[in-house]
Amino acid sequence: MKKVLIANRGEIAVRIARACADHGVQSVAVYADADLDALHVRMADDAYGLEGDRPADTYLNIAKLLAVAARSGADAVHPGYGFLSESAAFAQAVIDAGLTWVGPSPAAIARLGDKVQARKLAMKVGAPLVAGTADPVQSAAEVLAFAEQHGLPVAIKAAFGGGGRGIKVAWRMDEVEGLYESAVREAVTAFGRGECYVEQFLDRPRHVEAQVLGDTHGNVVVLGTRDCSLQRRNQKLVEEAPAPFLTDAQRERIHQSARDICAEAGYTGAGTVEFMLSASGAISFLEVNTRLQVEHPVTEETTGIDLVVEQLRIAEGLPLSVTETPAPRGHAFEFRINAEDVGRGFLPTPGPVKVFDVPSGPGVRIDTGVVAGSTVPGTFDSLMAKLIVTGATREQAVVRARRALKEFRIEAWPRCCRSTAPRWRTPTSCRATASRCTRAGSRPTSPTARPPPRGPWRSPTARWFAPPSRSTAGACRWACRPNCCAGCRRPARALRRRPRPWRCRTRPPWPRPCRARCRAGRWPTATRWPRAPSSPSWKQ
């Protein structure tokens, strides 16, 4: 193996490029048009464009990826996570092209990727399972029959699903039929196949998973456990390793079940076996993820093993560097930093990143795909970075995590301000969060719109911008009013204290902060520049 094509983007592509450098092989990055100046493109030894913006035209296009591999001279392909990482067809196409596939075999991906077949395999090796159907159900009547036999609630799950998609939970008999049809539709839309199975639903369980490594010599090692229970809409937000509050018997049962499942499937590479842990202590097998997980850094921090380098070693035919489960060294947390709008229900908010100041200090690690000046595209995942914090104990890791999150500073251009940038310079800054602030009523009206009957925002000669609501005006450190230019950095509270506030009417090309006090919205002449205020709020 001399050169590895990274068939992915973002922070995982940066992570793989660094692992390739540590392993002594070259890396090749691919990029969509929106990722032309992305960090993973700069980090790789070589980069090739995929000509397109949609995932289907770029990172999901097998023909384009194999063509880039041939042009670049790559002899191996690493899929990362997401996109084609769990596609048996892509793995087989890579092997058929004479390249090395950094991952499990296509047969193992196909077998374990089918959740019904994975359940059968788990039953064969004696892994713990809740009651469920052995095969996909064909109609809502079968779901009703299962619910009558085993009781409610029941979970209707897509057989080829993942990432929280295609899951519906029925709490009443009268909603089973509608939820079954909804699950089938969502499965067809998201995964191309509508097969669903049914199992008993564990209410408010913990999500515990085991990290597994397997090589081509028949060795299978469980590196440890992770807890991923803190989720939003079935999407993980915070992960920690090792999984806390497990008894020795529970931990051993999870390790043994994960090892037996992967050994029976002939698994090679890095994989994750997921379990659900009920409040009563019952363990139930959930699924197998045949790829590198987003949360793999917490296992790396607590075991001292580079999982990506281990993947490269396994692909080269080398044995595992460990032969038994290592004792955990300390405790680690991972926090996913997403470009989302908290005020709009955590909707993804793409756009340029203005400031990206990451924390540092003992026990702090950052895996990021963006830097200051980068742009978060709207066509891909909103994950910008991962903050990994490690401590000697769980308590120390929690304290360090609070400090690191407080130090993390991200500033961006909100949508409401970017939309008015061609006319006025009206950006604001948000801090200490990856989301953008939302201000109700800050959209510009037309030039002929009637101004409000009274108030300091009246402008008879220029565009009028509605003032932000009082509840959202204090959400930012700087001025949240959209009628402030980029150079003016006075907070909104200072504007509210003045009966006739200063109004910025600096034209976009002006390079310095606006110091002109406007009268009735008129532009000041070049010869009438008043002295800048000496209040502390002006000297920001």
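Positions are given from 1, in the same order as the sequence printed here. These values consider heavy atoms only, across backbone and side chains, with no hydrogens, waters or symmetry-generated copies.
- Sequence neighbours left out, not one pair with a member in residues 97-108 passes side-chain hydrogen bond (donor to acceptor under 3.5 Å, both in side chains).
- Listed for the Asp215 side chain is a donor-acceptor partner under 3.5 Å among the backbone atoms of Leu320.
- Between Arg54 atom CZ and Leu60 atom CG the span is 10.0 Å, to the nearest 0.5 Å.
- Using a 3.5 Å distance cut-off with no hydrogens or angles, the side chains of Arg394 and Gln396 do not pair a donor with an acceptor.
- Two rings, from Phe83 and Tyr59, have their centers less than 6.0 Å apart.
- Across all their heavy atoms, Arg313 and Ser321 have their closest contact at NH2-N, 4.2 Å.
- Contact of the Leu387 side chain with the Val364 side chain is registered, since non-hydrogen atoms from C-beta on lie closer than 4.5 Å.
- Closest heavy-atom contact between Gly214 and Ile314: O-CD1, 3.3 Å.
- Among residues two or more places apart in sequence or in another chain, the side chain to side chain contact (heavy atoms under 4.5 Å, CB included) test is passed with Asp33 by Asp53.
- Crowding of Arg329 atom CZ: a count of heavy atoms from other residues, nucleotides or ligands under 6.0 Å exceeding 12.
- Contact annotation: the side chain of Pro362 approaches that of Arg403 to within less than 4.5 Å [non-hydrogen atoms, C-beta and beyond].
- Residues Cys196 and Val184 have side chains in contact (heavy-atom distance under 4.5 Å, counting atoms from C-beta outward).
- How far CG of Asn8 is from CZ of Arg15: 13.5 Å, rounded to the nearest 0.5 Å.
- Summarising the geometry of Asp75 relative to Lys2, their closest heavy-atom pair is OD2-N, 2.8 Å, with the distance given to 0.1 Å.
- At a threshold of 4.5 Å between non-hydrogen side-chain atoms, the residues Ile6 and His40 do not count as touching.
- Nearest heavy-atom pair across Ile410 and Met384 is CD1-CE, 3.8 Å.
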Item to check | Worked verdict on Leu307 versus Gln293 for side chain to side chain contact (heavy atoms under 4.5 Å, CB included) | outcome: CA-CA 10 Å; Leu307 293 181; Gln293 290 282 81; over 6 Å; no
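- Within the model, atoms CD of Gln311 and NE2 of His296 stand 8.0 Å from one another, a figure rounded to the nearest 0.5 Å.
- Rounded to the nearest 0.5 Å, atoms CG (Asn61) and CG (Leu66) are 9.0 Å apart.
- Arg42 places a side-chain N or O within donor-acceptor distance of the main-chain N or O of Asp37, the cut-off being under 3.5 Å.
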Next on the checklist: Set out, in order, the CA-CA distance, both residues' side-chain angles and the distance that settles side chain to side chain contact (heavy atoms under 4.5 Å, CB included) for Thr58 and Phe380, then state yes or no.
Outcome noted: CA-CA 11 Å; Thr58 53; Phe380 303 111; 4.1 Å; yes
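- At a threshold of 4.0 Å, the pair Lys386-Glu295 does not count as salt-bridged, since none of the basic side-chain nitrogens sits closer than that to a carboxylate oxygen.
- The two residues Gly345 and Arg233 make their nearest non-hydrogen contact at O-NH1, 3.7 Å.
- Salt-bridge check for Arg226 with Glu239: failed, with every basic side-chain N at 4.0 Å or more from each acidic carboxylate O.
- The aromatic rings of Phe335 and Phe333 lie parallel to each other, with less than 30° between the two planes, well short of the 60° mark.
- Note that CD of Glu334 is 7.5 Å distant from CG of Asp367, once rounded to the nearest 0.5 Å.
- Residues Val102 and Ile16 have side chains not in contact (no heavy-atom distance under 4.5 Å, counting atoms from C-beta outward).
- Side chain of Thr349 to main chain of Leu347: a donor-acceptor pair is present (N/O by atom type, distance under 3.5 Å, no hydrogens or angles).
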Checklist entry - Given the rule in the side chain to side chain contact (heavy atoms under 4.5 Å, CB included) test, do Val273 and Cys262 qualify, once you have shown the distances and angles that lead to the verdict? => result CA-CA 8 Å; Val273 184; Cys262 291; 3.8 Å; yes
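- Distance alone, capped at 3.5 Å, places no donor-acceptor pair between the Asn338 side chain and the Glu340 backbone.
- Judged by distance alone, with hydrogens and angles left aside, the side-chain atoms of Lys115 form no donor-acceptor pair with the main-chain N or O of Ala158 at under 3.5 Å.
- Across all their heavy atoms, Phe275 and Phe285 have their closest contact at CD2-CA, 3.6 Å.
- Between Lys157 and Glu287 there is no salt bridge, since no side-chain N of the basic residue sits under 4.0 Å from a carboxylate O of the acidic one.
- Under the 3.5 Å distance criterion, the side-chain polar atoms of Arg400 are matched with a main-chain donor or acceptor of Thr390.
- Listed for the Thr272 side chain is no donor-acceptor partner under 3.5 Å among the backbone atoms of Asn289.
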Checklist entry - side chain to side chain contact (heavy atoms under 4.5 Å, CB included) between Val294 and Leu383: does it pass, once the steps are laid out? => result CA-CA 10 Å; Val294 180; Leu383 178 66; 4.3 Å; yes
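- The existence of a salt bridge linking Glu186 and Lys168 is confirmed by a sub-4.0 Å separation between a basic side-chain nitrogen and an acidic carboxylate oxygen.
- In this structure a side-chain-to-backbone donor-acceptor pair under 3.5 Å is missing from Gln117 to Arg111.
- A cation-pi geometry, defined here as NZ or CZ lying under 6.0 Å from the six-membered ring centre and within 45° of its normal, holds between Arg232 and Phe346.
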Can I get a per-line list of side-chain donor-acceptor pairs under 3.5 Å for residues 25-32, giving both atom names and the distance, sequence neighbours left out?
from	atom 1	to	atom 2	distance (Å)
Ser27	OG	Asp45	N	3.4

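- Put simply, the side chain of Asp227 never gets that close to the backbone of Pro244: no donor and acceptor are under 3.5 Å apart.
- For the pair Thr368 and Val358, the minimum side-chain heavy-atom distance is 4.5 Å or more.
- Atom CD of Glu316 sits in a crowded spot, with more than 12 heavy atoms from other residues, nucleotides or ligands closer than 6.0 Å.
- Thr290 OG1 to Glu86 CD: the interatomic distance, rounded to the nearest 0.5 Å, is 4.0 Å.
- Side-chain contact between Asp57 and Leu50 is absent, with no heavy-atom pair separated by less than 4.5 Å.
- Side-chain contact between Arg193 and Pro136 is absent, with no heavy-atom pair separated by less than 4.5 Å.
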